[in-house]
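Comments concern the structure below.
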There are 2 protein chains.
Amino acid sequence: MTSRGKRFGAPHDGASRPTADKSERGIPEATVARLPVYLRALVTLSDRGIATCSSEELATAAGVNSAKLRKDLSYLGSYGTRGVGYDVEYLRYQIAREIGVTQDWPVVIVGIGNLGHALANYSGFSSRGFRIAALLDADPGRQGEVVGDLPILAFDRIEELVAEHGVAIGVIATPAPAAQAVCDRLVAAGITSILNFAPTVLAVPEGVDVRKVDLSIELQILAYHEQRKAGLLDRIDPGLPDTTPAMPGKTTTAKAVG
Amino acid sequence: MTSRGKRFGAPHDGASRPTADKSERGIPEATVARLPVYLRALVTLSDRGIATCSSEELATAAGVNSAKLRKDLSYLGSYGTRGVGYDVEYLRYQIAREIGVTQDWPVVIVGIGNLGHALANYSGFSSRGFRIAALLDADPGRQGEVVGDLPILAFDRIEELVAEHGVAIGVIATPAPAAQAVCDRLVAAGITSILNFAPTVLAVPEGVDVRKVDLSIELQILAYHEQRKAGLLDRIDPGLPDTTPAMPGKTTTAKAVG
DNA sequence: AAGTGTGAAAGCATTCACAGCG
DNA sequence: CGCTGTGAATGCTTTCACACTT
């Protein structure tokens, strides 16, 4: 999804970016979104001491089918050996390089509430190409507290931190009402990639990428399918309370959830 | 993305499910994934006291373009008025009903570590169609602790809880190594929708939907694009350390990140 | 043999552009 | 007149199937 070149980042849409040239490094967005999954699968295989794997094995470990995997890898180059498969370490390195995580990216986390704490304590950052450069919060009551080795700093210091550490990626873990203002300030400070945990659509200028993680949205998508499964049962075994209870015509004010 | 009918849930893939019949409620998966976003936008408009909106306005609030919004809504029915727009409350109700969140779904959260705590304290559940039925953890040291009104219970009680509360949706917030075993037990207990926060691919039987939320994957996707932006600058202003530092030929053991 | 890499085909999703309705 | 709803066109993604390499 990444919304470079668009004012709003849509959710999970594999919107293609304005490709400079199809031949020149044109990796499809859908493929880019899977490369991290392949990378993790390779790390798992590597940890198990497996030196070589077929597209079938790697695909299984990554939860995709092998045709898709091979097509995806083909955009990176020819890193396999016909008749044999892939060298786990070699492919792992190539994908890490393609993604750009052979070195660590410094990241700032803004909003150190419940979620921010959890993120700050997450141990997987360093092994996956990231390093927390700073924890920021606008609430003076939280500043100074140490969370997972790092002190919470005043949000005001964002410009300084971006300049000093070369931070390009920011994580927003604030309440929804604060998110847009925080986002604007991050962008003004020079941050060009944002991971948004606040349940809000962020508006950003062209050239800034936004991805979002939204618990409620994920649950609601599950609920939709769950309802459908239940509905199938209902048709076999009817007699349960069914559709359209309240909310008669338009303009009524029935309590719809949101 | 939901992987009903597939053994593995792929990440962010809009994999279509085995449609029973195209005419009979065939809402595309990409549309389903956006309905929650529209719902949230409508709630925001509603809170602002706005009674009516055009597709253009709603699309802006939801971060998509109006053609896509109208096409999406057309799968639900004709809930707008030509020349006028949409009644905010009415459309809100219709979308909530379509998603299935006019009543609350009971949800269990498994693994009450840092992230589990954050999820348990998240206040948005009830207003968005969900209710935490129980918090579970396998660690006796955590059991009994009260988090956001609810006590942490032994994971062993899952079957009992599913039966008693009719829980269909489970959230996995355990460490990665525990996730598959927890998942298997949830499925055995009767849960058919899973939201997975553990950085692992889960294998589930047909009929069980899995969605995943993965911080590292999101950050790595951002890193990929960020690297590309930096690369463009490099070509204008060269002289920076560039590609392919270590990792010469295959079989080498350079330290690739994962 | 075994398994990768890849054109070509099929399937989805998005966008266009406008008929049709209030 | 304005704006929705929607076929048709376009573009992307996935799948197929097999030539080709080791």
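So you know, we letter chains A, B, ... as the sequences are listed, proteins then strands, and number each from 1. Reckoned from all heavy atoms, side chains included, excluding hydrogens, waters and symmetry mates.
Protein atom CG of L73(A) is 13 Å distant from nucleotide atom C1' of dG3(C), rounded to whole Å. Between the P atom of dA13(C) and the CZ atom of R34(B) lies a distance of 9 Å, rounded to the nearest Å. At whole-Å resolution of the value, CG in D87(A) and P in dT4(C) are 13 Å apart. Between the P atom of dT6(D) and the OH atom of Y79(B) lies a distance of 12 Å, rounded to the nearest Å. L69(B) places its CG atom 15 Å from the P atom of dC16(C), with the value rounded to the nearest Å. A straight line from NZ of K68(B) to C1' of dT6(D) spans 17 Å, rounded to a whole angstrom. To the nearest angstrom, P of dG3(C) lies 14 Å from CG of L58(A).
S46(A) is linked by a side-chain contact (heavy atoms from CB on, under 4.5 Å) to V88(A), E89(A), R92(A), counting only residues two or more places apart in sequence or in another chain. Annotation: side chain to side chain donor-acceptor pair (under 3.5 Å) contacts of T52(B) (sequence neighbours excluded): none. Every residue two or more places apart in sequence or in another chain was checked for a side chain to side chain donor-acceptor pair (under 3.5 Å) with T200(A), and none qualifies. In this structure, the side chain to side chain donor-acceptor pair (under 3.5 Å) partners of E226(A), at least two apart in sequence or on a different chain, are K229(A), T192(B), S193(B). By the side-chain contact (heavy atoms from CB on, under 4.5 Å) test, S74(A) pairs with K71(A), sequence neighbours left out. In this view, Q180(A) and C183(A), D184(A), L202(A), A203(A) satisfy the side-chain contact (heavy atoms from CB on, under 4.5 Å) rule, not counting sequence neighbours. A search for side chain to side chain donor-acceptor pair (under 3.5 Å) contacts involving D72(A) returns T31(A), R34(A), Y38(A), not counting sequence neighbours.
In this structure, of dT14(C), dT4(C), dT13(D), it is dT4(C) that holds the atom nearest to the side chain of Y86(A).
Listed by residue number, the members of residues 48-57 of chain B with any heavy atom below 4.0 angstrom from DNA chain D are S54(B), S55(B).
The distance between the ring centers of Y90(B) and Y79(B) falls below 6.0 angstrom.
Remark: N65(B) is not in phosphate contact with dT14(C), judged by side-chain N or O atoms under 4.0 Å from OP1 or OP2.
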What does the list of N/O pairs under 3.5 Å between the protein and nucleotides 6-10 of chain C look like, with a distance for each?
from, atom 1, to, atom 2, distance (Å)
dG7(C), N7, K71(A), NZ, 3.4

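With respect to E98(B) and R228(A), a salt bridge is recorded, a charged nitrogen being found less than 4.0 Å from a carboxylate O.
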